[in-house]
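What follows is a single structure, written as structure tokens, with notes after it.
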Number of protein chains: 2
Amino acid sequence: MEKDHSAEVKILDAARHIFVEKGFNGCSSREIAKEAGMNVALVNYYFKSKENLFHLVVSSIMKEFAHSIFEVFKSDLSLEQKTRILIENEFDLLARHPEIPSFIIGELSKKDQNFFQCLDFENEIEKASIHKQVSEAQANGGMRKIDFVNIMLLIMSNCHFPFLAKPMIQTVHSVTDTQYQDYLKIHKQYVTEMVINYLFPTK
Amino acid sequence: MEKDHSAEVKILDAARHIFVEKGFNGCSSREIAKEAGMNVALVNYYFKSKENLFHLVVSSIMKEFAHSIFEVFKSDLSLEQKTRILIENEFDLLARHPEIPSFIIGELSKKDQNFFQCLDFENEIEKASIHKQVSEAQANGGMRKIDFVNIMLLIMSNCHFPFLAKPMIQTVHSVTDTQYQDYLKIHKQYVTEMVINYLFPTK
DNA sequence: AAAGAATTTAAACAAGCGTTTAAAAAATCT
DNA sequence: AGATTTTTTAAACGCTTGTTTAAATTCTTT
């Protein structure tokens, strides 16, 4: 028999919203249940525990963000084009979910690291055979010889940090939300140019 | 009369250690008091409330990091040299306190932004007259014409994110602590070269 | 040494926490 | 329609939270 999922989904949506806004320790099961319009006991009825619900929320968010990256890895493009699209996609995705990076960073720093190894991103990277494409490009001089981890670190640093540091920058430089949007828009262009120039120097 | 500060300092040190490790909502006043070897009531006797103690801890941390930056701003060097030293200093400071960025980012995203405006960084920036130096360098073609906020965003992104993303990268790429240290060491060189090349293109 | 102020303590406060229970309500099946 | 299972509910569980109180202790001053 099929059960009606609406209660489960309502709780999951509310949990995602509240966990992201306040963190695991910054909210209560009752608060999540209230936002979902449900009784407190239903949280544990459907999801066993607050911790388990949190685990599900974080996993689904990380999969969403990882999917966006792996789609580009798997596409049939040059590495330079992949880099451009990667930056474009990250800025777009982050503009739609600007609060996610600080949530992930903040929560992941408090939990043990083995907590999310089940997602198995290494397998996905392998399937996209992006390592091979990088090695070949570096062998024929089309790309600067840098380890793949450092390449991803360079790209992701420049995409994610502007969103992570938004509250910081706004405090330090007295910037409004609208002004910050403008900074982000032009910043994407700077980042693209800087990273491409560095990774593909012969161009 | 002078009071003995040892109890106050012990609590402040314990608070900094535990707040940074577990976040404001991730620890209790009793836990802080226990680490300081004091009675719970002393936390409120000396610091009025947990929130106020937290405020003091965050302010002192942010001043420490800001000081390191303003020292470079105020020095008598070219912008290119300042950029090099800024990156060098940030990587060194972060290597000594790798858990601070994720603490600041994680906690600042949950609190209201006016919370820390009392630190008045804008005044410090003004005193260092860094804006003037940038304008002049950009006028005579020595530096790419980018707003100061975007310049700082470029530099800080590449310094801080590698420390923010450490748990993430280690999960995704199965990297040990020692291996990650090596990635960081070489990454500092990449970042310096990339940022300098981009901000001072004629060199 | 006595008096007064500052510090430290154990105990208690109400409130909120995650989770469980057992009964009520709704839905499903025969 | 009656029986059975699934979903929802209110209430309670023991425990921890930040904070306060009032008594005990230590220190300082006279």
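Labels below follow one simple rule: chain letters A, B, ... track the order of the sequence lines, proteins then strands, and each chain is numbered from 1.
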Item checked: Sorted by number, the residues of residues 18-27 of chain B with heavy-atom contact under 4.0 Å to DNA chain D ->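 Hits under 4.0 Å, by residue number: B/Cys27.
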Listing time: all N or O pairs from protein to nucleotides 21-25 of chain C that are below 3.5 Å?
none

Checklist line | Electrostatic pair A/Lys110:B/Glu107 at N-O distance under 4.0 angstrom | finding: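 Answer for the salt bridge query: yes.
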Check: Do the charged groups of B/Arg16 and B/Glu64 touch, with an N to O distance under 4.0 Å?
Finding: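 Salt bridge present between B/Arg16 and B/Glu64.
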Residues two or more places apart in sequence or in another chain: which of them pass salt bridge (Lys or Arg N to Asp or Glu O under 4.0 Å) with [X]?
X        : answer
A/Glu122 : none
B/Lys82  : none
A/Asp13  : none

Check: Of all of residues 28-40 of chain B, which get a heavy atom below 4.0 angstrom from DNA chain C, listed by number?
Finding: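 Result for residues 28-40 of chain B: B/Arg30, B/Asn39, sorted by number.
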How would you list, by chain and number, every residue that makes a ring pair (Phe, Tyr, Trp, His ring centres under 6.0 Å) with [X], sequence neighbours excluded?
X        : answer
A/His17  : none
B/Phe163 : B/Phe91
A/His160 : B/Phe161

Between [N] ([atom2]) and [X] ([atom1]): distance, integer Å:
X       : N      : atom1 : atom2 : result
A/Asn44 : C/dC17 : CG    : P     : 14 Å
A/Ile11 : C/dG18 : CD1   : P     : 14 Å
B/Phe47 : D/dG18 : CZ    : C1'   : 16 Å
B/Glu8  : C/dA6  : CD    : C1'   : 12 Å
B/Tyr46 : D/dT19 : OH    : C1'   : 17 Å
B/Phe54 : D/dT19 : CZ    : P     : 14 Å

Item checked: N or O in side chain of A/Tyr45 less than 4.0 angstrom from C/dT20 OP1/OP2 ->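 So the side chain of A/Tyr45 is outside the cut-off, no N or O lying under 4.0 Å from OP1 or OP2 of C/dT20.
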In chain order, what residues pass the side-chain contact (heavy atoms from CB on, under 4.5 Å) check against [X], with sequence neighbours excluded?
X        : value
B/Ser28  : B/Arg30, B/Glu31
A/Phe70  : A/Ala66, A/Phe73, A/Lys74, A/Phe121, A/Glu124, A/Ile125
B/Ile105 : A/Ser102, A/Leu164, B/Leu164

Notebook entry, point to check: Taking the side chain of A/Leu42 as its heavy atoms from C-beta onward, which of D/dT9, C/dT19, D/dT19 lies nearest to it?
Noted result: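 The answer is D/dT9.
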